Amino acid sequence: MPRTTWTRHGSRRSTWNCGLRCLERDGLVSRTVHATVPPRVDYALTPMGQTLHATIRPLVTWTEEHRQQIAEARDAYDRRIAAEKEAAAREAAERDAIARRVLAR
């Protein structure tokens with residue numbers, strides 16, 4: 001059986017561990033802990049996991065082919081959300097200033 005070593009690639013540790021544990025619980029991956037310093041844990045696809053791998057491979061391929069577009073879309077989204085937050089903060093500050101002027105009369 002081919003082995004697949006999983007890495008976190010910047011994902012949150014608790015989310016990553018939960019995901020792998022769920023996959024292990026579902027019988028899709030096996031977990032091997034090595035008594036080394038630092039500790040090492042390998043995950044391998046089980047025979048059932050291999051069948052899932054074949055099923056999702058087109059999705060992985062699509063994601064790899066569209067990686068740049070996805071990154072650009074995320075950047076655009078992040079910029080838009082940041083601009084919306086800044087605009088909301090400016091509007092709130094303007095409302096506060098107006099309220100202070102009205103109350104100061």
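As the structure is a computational prediction, the values presented were derived from the model and not from experiment. Both backbone and side-chain heavy atoms feed into the values below; hydrogens, waters and symmetry mates do not.
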Worksheet item: Is I70 close to R67 at the side-chain level, that is, under 4.5 Å between some pair of heavy atoms?
Response: no
Worksheet item: Mind checking whether D42 and H34 have side chains closer than 4.5 Å, heavy atoms only?
Response: yes
Worksheet item: How long is the gap from CG on L20 to CG on L23, to the nearest 0.5 Å?
Response: 6.0 Å
Worksheet item: Roughly how far, to the nearest 0.5 Å, is the CZ atom of R31 from the CZ atom of R25?
Response: 15.5 Å
Fill in: Transitive ILVMFWY side-chain link V33 to L45, under 4.5 Å
yes
Discussion item. Looking at E84 and R80, is there a salt bridge between them, counting it only when a charged N and a carboxylate O are closer than 4.0 Å?
Written reply: yes
Worksheet item: So T51 and M48, side-chain contact (heavy atoms from CB on, under 4.5 Å) or not? Walk me through it.
Response: CA-CA 5 Å; T51 65; M48 185 169 61; 4.3 Å; yes
Worksheet, complete the sentence: When rounded to the nearest 0.5 Å, the distance separating OG1 of T63 from CD of Q69 is 11.5 Å
Worksheet item: Are L28 and I56 connected in the hydrophobic side-chain network, where two residues link if heavy atoms are under 4.5 Å apart?
Response: yes
Worksheet item: How long is the gap from CZ on R57 to CG on L52, to the nearest 0.5 Å?
Response: 12.5 Å
